[in-house]
Amino acid sequence: MEIIVTFDLKLLKKADDTISATKNIEFNGLELTLEAKKDAKFESAFSQVSELINKKIVITKDSLKRDNVGIGAFEALFFVIGEYCIKSWNIVVDDAPFAISGDNFLAVLESAFSDTETLQAFMTEVLNAFNEVIQDYKTKTDEIKKKPSSNTTGRSKK
């Protein structure tokens, strides 16, 4: 007697678009929400920034899908955070919500803080929150990958 074992590969669990991690930041009246979720464009841009930080080279915003302007490592990182990870903020310009983008986040960093110490404190807060969101998202996706599917016994339905 031969036993045939079959598996439905569609039942394998993997990270999908419904999984995300968020973190709220409140700093001197500025409120924003960071979000990490499955996004191929973010992963590509973040990978480039990671290489930039490690190699100490200059990349362009064009390679991050923006204007061809050379930027440094930390400016690129904040650009990517603004472009892909800010879900919401309470910034209003000319009585209208200020559009969320990498360029606009860099503009906020340039103009919203009057002194360097406050700017550095805010940037540290954003980087810490960004790291927490990325780690939380990674933990959630790793947990899903580890859980066995309970939808099959592994035995043939014959």
- [ ] Name the orientation class of the two ring planes belonging to Phe122 and Phe27 (parallel below 30°, tilted from 30 to 60°, perpendicular beyond 60°).
- [x] tilted
Rounded to the nearest 0.5 Å, what separates atom [atom1] in [X] from atom [atom2] in [Y]?
X      : Y      : atom1 : atom2 : answer
Leu127 : Glu132 : CG    : CD    : 11.5 Å
Glu26  : Thr33  : CD    : OG1   : 10.5 Å
Glu110 : Glu75  : CD    : CD    : 7.0 Å
Glu83  : Leu106 : CD    : CG    : 9.5 Å
Leu34  : Ile81  : CG    : CD1   : 7.0 Å
Tyr84  : Phe105 : OH    : CZ    : 15.0 Å

For residues [X] and [Y], determine if any side-chain heavy atom of one lies less than 4.5 Å from a side-chain heavy atom of the other.
X      : Y      : value
Asn90  : Leu30  : yes
Thr22  : Asp136 : no
Ile100 : Leu32  : no

So, [X] side chain and [Y] main chain: donor-acceptor pair closer than 3.5 Å or not?
X      : Y      : result
Trp89  : Phe98  : yes
Lys38  : Ile19  : no
Ser44  : Ala40  : no
Thr141 : Tyr137 : yes

Non-hydrogen atoms of [X] and [Y] that approach each other most closely:
X      : Y      : value
Ala36  : Ile134 : CB-CD1, 4.0 Å
Cys85  : Phe42  : SG-CE1, 3.4 Å
Ser101 : Asn104 : OG-N, 3.1 Å

TODO: Give every residue pair that meets the side-chain hydrogen bond (donor to acceptor under 3.5 Å, both in side chains) criterion with at least one member in residues 120-129, sequence neighbours excluded.
DONE: none
TODO: For atom NZ of Lys140, decide whether the heavy atoms of other residues, nucleotides or ligands shown that lie under 6.0 angstrom number more than 12.
DONE: yes
